[in-house]
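I have placed the structure first, in the form of structure tokens, so that the comments after it can refer back to it.
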Amino acid sequence: MRIIIIGGSFAGITAALTARKKYKEAAIILLEKEEKIGFIPGTLYSLLNGEIDSLEEGYFITVEELERLAIQVQLNATVESMDTNSQKVTYNIFHQSVTIPYDKLILATGSVQDSYQVKGMESNKIVKYKTIEKTRVALELVEKNQVFTIVGGGQIGLEMADALINQKKHVQLIESMNGLVAKYFDQEMIAPLLKEMENQGVTFYFDETVKEIEEIEETVILKTQNHVIESDCAVFALSVKPNIPYLDPKVRRHEDGSVLVDKYLKTSIENVFAIGDTIQMQSSLSNETFYISLVNNAVRTGIVVADNLVHSQTPFIGSARTIGTKVFGYYIASTGMTEAESIFFDQKIAVRHVSQPISLFNKQQTINGKLIYNAVSGKILGAQFISKTNILEKINTLSLSIQMGLTVSELAQKDYFFHPAWSTVYDITNQLGLMKD
Amino acid sequence: MRIEDFLEKREAFQVAILKKLILEGGRVSYEKLRKDLNITKASLANYLEDITIYLEEYQGDCQVDSDGVFVELFLTPHFSIMTVYINYVKRSLKYQLIDYIFNYQEFTVIEISNDLSISESSLFRKIKELNSLLKEFNIKIKNGRIYGEELQIRYFYFQVFWFLTTYEEYQEVLLTNQNQSLINGFEKELDIKLNDLSRRRISLWFMISKKRASVSKKAYKNIVQKMIPYKEDYLNKQVRKLILLYFSRYSIEVEEEESMIHFIFLTTQSVLSEKAFIEYDLVRSRRTPTALVDTLLRETILLYYLPTKPSIALERKLTFYLSQINGTLYFFEGALELKDSQEFMAKESKTWGENLQALSEQLLKTALETINESNSSRSSLEKLTLVEYSTVLSIVDFTISKELIIGIDLDLMEMHAEILTQTLMLNLKNVIGITVEKYREHHTYDLVITTNLSSRFYTRATETYIVSEQFSKFDLNQIKTRINELKI
Ligand SMILES: Cc1cc2nc3c(=O)[nH]c(=O)nc-3n(C[C@H](O)[C@H](O)[C@H](O)COP(=O)(O)OP(=O)(O)OC[C@H]3O[C@@H](n4cnc5c(N)ncnc54)[C@H](O)[C@@H]3O)c2cc1C
């Protein structure tokens, strides 16, 4: 069996490693267009925040590690087309076109930071940082400029705002929705963070959508429906788009352009699979799919796909959409649906807020939590945390609860450790499960 | 345009034959068909042959037979002739072209002629024909894509697909879980209930919208202009919030204008229920062009019916219907006519028909002046609007007329009075919108039919009509005319 995987990042690499263990005899070929594999997209802030010292540290794996396992890695190989009739892919390597056959094909080319709607995206004064080259350019832009306008108030935008403020830059942020990280947090939860950002000098433009980016001499001008915003540089922090220009048109897509797969991650065409940021993910909460670009989804689909290459046997259980980060001194984490988003859910929901000291002996620091659950069945649907102490791991308890279909009363009885220095008598995740009455 | 405009001449005739058969109750003489369609005997025979072949796939569910004298249509009870019409359209090249462009958004001449197996020259010819149809929608096909205001492009596809999507297809293809969530969102966020029809319309609209949303370089010039007065509108803001949240779940980049498009759709395309609309009407911006036209036209109509005052329920219905028509007139261009304009009106009387026409014209004039639309020639949408105003007026008329109460008071010998009353009642039974009863004192009547020469006697009646004992057809006609006049 000849397995070809296109894209050497979280999804593709995980698929290669898992397939290696499962199919000892198979030839596994990983095609990657960059000169290295496994670059971590958020490396820019780690560098700016001093968590790492050089770009070279921004990789999670090396080619050698894969080659040791007899996984063939073809670097600098950009796949340009595929033909599902003859089961072949064609890639370009140093200006040469090479066509190779496959028995099983896994699409793992992820996503790009780009916009189809904003005019002027080709400007050199837009900071992007998903790939290593872009990150190199971005570093230079950050060094040389002072005023930055971030387009997009999601997780990427917030992290960049934090990193730039730490670099003593002036930051403005434009967001088309009426709040920050609105996909993951209800605004009352995130209010302290917003305030902190304002205190630290971030200027906000909410309810504004960028239409055009224009370079005028040394400045960039961002035009929204109501404003013309000037700065030295723009930062692109809108959500990413599936990166599949080479896709055979016979492979079905969703209306948003991402690849449509069944629960075994198989596309509409035999022997072609897709994972990671190329697909819409099954939701853990309902019978629908979303586009959710997250590393954990890439990794987990990479594992599951290997199981299904020969027989459809392991369904992908879906994504609860779990995130966690630290920005402006706040640790924030979210999983599942928000209260705002619950309007799309066909059942009645209820919410519960809990606020408590972080540990028995540390009464200064608090942790605020919110739980969203099904008012009828009590099933847990979503949770959010915010604190100045690192409570990020707690979100994983809640995401597991969602995936396992736990109810609030089951959560209330969850087992946990107690130690006076490191925890509270009543763990917040249990407290969230204690409904009023 | 009409949906049949997609068809080639041959197919258009075949559909015309089928329609004629349906209209005539399933059986028409060969001669009549030939004359009505203005074709030779040979071509009729030809078309009938085509139809027979065409209908083979329905395996007897739909069949046309002819013995040379009569042509007859057979349909099994569970089969709808719509299926046949729809397939005619779906197989037409012009339709396939616009469907192809919808699916691929951009195409090269080579790709499209390959995929549809047509020559380049016929491709160009068909595009030219299509463009002349699309003209009224102010959109056109050029350089491998469709050009025009985004709202117009979606509106056009919506009209066409709405006609062609069967209920089954809707269930299978359109009512996806994603659309279902959106419908939940609309219901919860806007606190409204959507019925089955609205759900289907929303599903189709969003299928089209999601597909179109990712197209780059969309045109929004007119819509942005037209939406300026709606900036602070409550519902507009709600819709914006909802749309941004919904699209953020997918890899769809939302432009500012995207939510405007949905606000327009929601408020003008029979999606909101009357109840939902009336609630919105209480809080909507009063100064928007559509709100202004709605009020003006409603007042004009109410004035027209004075001194009769319609019930509150009727006034609401009127407001609701007008808002849909006026909204469409303000925001859109072009119309897909699904039925012939004249078909709709069951004219009660000629006078009434003429009055209705005049009033509709007046409404259209007022509407166009208010929204500043000054076209010298009448567009197809304006023509359709006129028909729709007449429909609304008919509804108002019909409902108001229900209140017409007629009393019969005959000053005759018991037995004669009885028989004449019965005769009158029987004869007036089929006149729509009246109640006839034996006259009761101290009751109010719109019309009293009497033998009493001193009409001043009836102070509580609007009109009286005096009959003689020799009640005649002439009397009956007079009474009916009087009733019609009272209704206006
Ligand atoms: C700035 C930024 C920060 C982020 N931070 C986080 C975070 O903290 N946590 C989190 O969970 N998620 C984060 N994400 C999202 C995360 O990066 C993605 O979900 C994840 O990278 C998806 O992995 P993937 O393997 O599917 O695709 P990608 O990581 O996009 O990798 C695709 C790979 O395919 C290669 N490729 C593309 N086209 C071709 C071709 N034609 N031929 C050959 N090779 C090709 C690319 O070079 C790349 O190596 C972040 C995203 C961005 C943009």
Side-chain angles (χ1 to χ4, degrees), chain A residues 111-112 114-119 121 152 154 175-179 181-184 207-211 224-226 238-243 249 253-258 277-283 285-293 321 337-338 340-349, chain B residues 100 102-105 107 111 115 150 173-174 176-192 203 206-218 220 224 227-228 231 237-238 240-260:
Chain A
S111 54
V112 278
D114 201 359
S115 165
Y116 309 124
Q117 310 300 358
V118 180
K119 290 195 198 104
M121 279 302 292
E175 164 59 50
S176 38
M177 292 210 226
N178 187 21
V181 264
K183 245 202 261 192
Y184 300 100
D207 283 325
E208 295 290 330
T209 307
V210 174
K211 290 172 164 326
T224 69
Q225 74 269 35
N226 297 314
L238 296 176
S239 27
V240 293
K241 312 271 159 8
N243 181 19
R253 298 180 187 226
H254 286 281
E255 285 140 340
D256 69 358
S258 52
D277 276 5
T278 61
I279 61 169
Q280 274 192 17
M281 299 280 159
Q282 173 63 48
S283 155
L285 292 169
S286 62
N287 200 6
E288 52 179 331
T289 52
F290 310 130
Y291 188 73
I292 321 161
S293 159
R321 226 180 43 178
M337 73 167 69
T338 61
E341 202 192 10
S342 70
I343 53 165
F344 299 120
F345 191 62
D346 60 0
Q347 292 182 37
K348 217 169 128 47
I349 62 116
Chain B
Y100 187 97
F102 176 74
N103 284 316
Y104 293 93
Q105 315 286 5
F107 63 88
E111 279 163 3
D115 289 351
E150 185 57 22
V173 187
L174 287 177
T176 58
N177 292 326
Q178 293 184 353
N179 282 340
Q180 185 58 53
S181 322
L182 178 73
I183 289 166
N184 291 337
F186 271 119
E187 291 196 326
K188 285 197 189 172
E189 185 70 20
L190 311 180
D191 196 16
I192 54 173
S203 301
F206 275 85
M207 184 278 283
I208 295 169
S209 292
K210 281 194 199 158
K211 189 98 192 172
R212 290 286 314 171
S214 49
V215 175
S216 48
K217 296 197 209 100
K218 296 198 278 296
Y220 296 114
V224 168
M227 280 297 288
I228 291 173
K231 215 167 185 173
K237 285 182 169 174
Q238 294 266 96
R240 183 179 184 279
K241 197 170 125 200
L242 181 77
I243 291 299
L244 284 174
L245 195 59
Y246 180 70
F247 280 110
S248 78
R249 314 164 105 210
Y250 311 106
S251 172
I252 296 177
E253 224 180 315
V254 190
E255 293 165 280
E256 199 53 40
E257 295 83 355
E258 182 70 31
S259 75
M260 298 180 186

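The sequence lines fix the lettering, A, B, ..., with proteins before strands; numbering per chain opens at 1.
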With a 4.5 angstrom heavy-atom cut-off, which part of [X] approaches chain A: side chain, backbone, both or neither?
X	result
B:R240	side chain
B:E187	neither
B:V224	neither
B:K241	neither
B:K237	neither

With distance as the sole test, does B:Q178 use its side chain to make a donor-acceptor pair with the main-chain N or O of A:T289 at under 3.5 Å?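 Flag set: sc B:Q178 to bb A:T289 pair under 3.5 Å.
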[X] versus chain B, heavy atoms under 4.5 Å apart: side chain, backbone, both or neither?
X	result
A:S115	both
A:K119	neither
A:S342	backbone
A:N287	both
A:I292	neither
A:V240	backbone

How long is the span from the [atom1] atom in [X] to the [atom2] atom in [Y], to the nearest 0.5 Å?
X	Y	atom1	atom2	result
B:I183	A:D346	CD1	CG	11.5 Å
A:I343	B:F186	CD1	CZ	9.5 Å
A:M177	B:I243	CE	CD1	11.5 Å
A:H254	B:T176	NE2	OG1	10.0 Å
B:S248	A:E341	OG	CD	6.5 Å
A:S239	B:R249	OG	CZ	14.0 Å

Derivation of the side-chain contact (heavy atoms from CB on, under 4.5 Å) call for B:L242 and A:F344: CA-CA 10 Å; B:L242 181 77; A:F344 299 120; 3.9 Å; yes
Going by atom types alone, do B:E258 and A:Q117 pair a side-chain donor with an acceptor below 3.5 Å?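 There is no such pair between these side chains.
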Establish, from distance only, whether the side-chain atoms of B:E256 and A:S176 form a donor-acceptor pair under 3.5 Å.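 A:S176 and B:E256 do not have a side-chain donor-acceptor pair below 3.5 Å.
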How close do B:K188 and A:F345 get, heavy atom to heavy atom, and via which atoms?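 Smallest heavy-atom distance, with atoms named: NZ-O, 2.6 Å.
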Looking at B:A213, B:S209, B:S214, B:S251, which has the largest count of heavy-atom pairs under 4.5 Å with chain A?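 When all of B:A213, B:S209, B:S214, B:S251 are compared, B:S251 has the most.
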Which residue out of B:E255, B:K210, B:E253 racks up the most heavy-atom pairs below 4.5 Å with chain A?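 So the answer, after comparing B:E255, B:K210, B:E253, is B:E253.
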Between A:N226 and B:K231, is there a side-chain heavy-atom distance shorter than 4.5 Å?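 B:K231 vs A:N226: side chains touch.
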